[in-house]
Amino acid sequence: MSDLLEHIAPTHLVPEGHYGPQGSAGVTAHAVETPAAATLVARKGATARLIVACAAAGLPLADGPRVSAGAGLEAAGTAPGRWLVLAEGVSGADLVARLAAMAPGLAAITDQSDANLILDISGEKARAALAKGVTVDLDPTAFAAGDAATTTVSHVGVTFWRRDADTYRFAVGRSFAPAFLRWLTVSAAEYGFALSGTGRG
Amino acid sequence: MRITCPYCGARSSHEFAYLGDAAPTRPDPSAPDAAEAFHAYVYERDNPAGPMDELWYHSAGCRRWLKVTRDTRTHAITAVAFAGTGEAAR
């Protein structure tokens, strides 16, 4: 399998293209045009009030490893009182300002735009490919749409969640993204792997 | 070995960093026997064969300290909780 990546520099993203047997792709991955991102961390003792304030502003936060959407935002729980929030079509500064206005004085908010590569992974063999490195049970009865997890895959720390029945969204630290994509490419190639959004690598 | 984190759920022990016995508590440095108490706190450890409370850090997950009750003979884990209490655990 390793000869698959022989001509791809380990310091670059895997270039977009089709890997593995020709024909239809069992696994599809798309690097999403970087959305704005921020961490939302409740102040000490303020988790419950933060959840109430965000719900009133249209973003229903779950105090658990789950993802919720509302008010044009997507929030994944990463730890007690801690969320990674994504927003498309706005700047990082705008996202921070919006969150600060939703929960004045209740949370520490840090711009994380550009910190992560956001990768949407889907396809009928997506779960089979992910199972080669994800040590979280991905069976739909254990990890349903809306569930999130922060874990390591091939020694790389990731936060990922199941957006819907078909799509997993991964947030991978940008400087680790080449290593993660190499793992994903060799894991998914046997099913036919279509990668897009990474350009020429 | 899998540890069921109260927040993240069942995870491989590879995601955690091990500290050790959860029993020692930091002595009062102003007490008259502070030197002896700190020696015991730093160096003296029990080595039980059986259930033991230990501190584990979920470094690759929610980054919270956990108190894990593990049987040192079988690795069976009977209880896991946040090491702090209430929101102090956060």
Side-chain angles (χ1 to χ4, degrees), chain A residues 39-51 61-67 76-84 106-108 110 131-139 141-144 146-162 170-173 176 179-180, chain B residues 1-29 41 51-90:
Chain A
T39 49
L40 177 69
V41 182
R43 299 281 183 200
K44 199 169 190 178
T47 301
R49 281 179 288 146
L50 173 64
I51 291 172
L61 294 174
D63 194 14
R66 285 181 295 282
V67 66
T78 57
R82 207 175 258 265
W83 295 267
L84 175 66
L106 296 174
T110 312
K132 296 183 188 182
V134 176
T135 59
V136 176
D137 186 355
L138 294 178
D139 189 275
T141 58
F143 198 82
D147 282 340
T150 300
T151 182
T152 53
V153 176
S154 187
H155 302 279
V156 175
V158 302
T159 294
F160 74 99
W161 55 96
R162 195 163 185 178
F170 278 70
V172 185
F176 291 96
F180 179 82
Chain B
M1 191 167 79
R2 284 168 83 78
I3 297 172
T4 303
C5 170
Y7 185 87
C8 300
R11 295 298 177 85
S12 163
S13 60
H14 292 109
E15 290 188 10
F16 298 80
Y18 179 69
L19 180 77
D21 195 344
T25 53
R26 187 177 172 82
D28 176 6
Y41 169 67
M52 181 181 180
D53 286 345
E54 302 172 325
L55 291 172
W56 293 73
Y57 178 62
H58 197 182
S59 54
C62 61
R63 303 182 196 170
R64 291 297 172 272
W65 281 99
L66 307 179
K67 190 165 90 170
V68 176
T69 306
R70 178 179 67 97
D71 191 311
T72 58
R73 295 165 300 186
T74 63
H75 296 309
I77 291 170
T78 50
V80 185
F82 290 120
T85 53
E87 289 233 334
R90 300 173 172 182

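Every value quoted in this text rests on a predicted model; they were computed, and no experiment measured them. Naming: A, B, ... by sequence-line order, numbering from 1 per chain.
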Report summary line: Scanning both residues in full, the closest heavy-atom pair of A/Ala79 with B/Arg64 reads CB-NH2, 4.0 Å
Query raised in the report: Quick one: which residues of residues 51-63 of chain B reach chain A at under 4.5 angstrom, heavy atoms only?
Result: B/Ala60, B/Gly61, B/Cys62
Query - Shortest non-hydrogen contact from B/Arg11 toward A/Ala149 - result: NH2-CB, 3.3 Å
**Report entry** Leading residue by heavy atom contact count with chain B [cutoff under 4.5 Å; candidates A/Thr151, A/Thr135, A/Val158]
**Finding:** A/Thr151
Report task. Apply salt bridge (Lys or Arg N to Asp or Glu O under 4.0 Å) to B/Asp28 and list each qualifying residue two or more places apart in sequence or on a separate chain. Result -> none
Query raised in the report: With sequence neighbours excluded, what pairs up with A/His155 under the side-chain hydrogen bond (donor to acceptor under 3.5 Å, both in side chains) test?
Result: none
Query raised in the report: For the atom pair CD (B/Glu15) and OG1 (A/Thr152), what is the distance rounded to the nearest 0.5 Å?
Result: 5.0 Å
Requested in this report: Quick one: list whatever passes side-chain hydrogen bond (donor to acceptor under 3.5 Å, both in side chains) with B/Arg73, sequence neighbours left out.
Outcome: B/Asp71
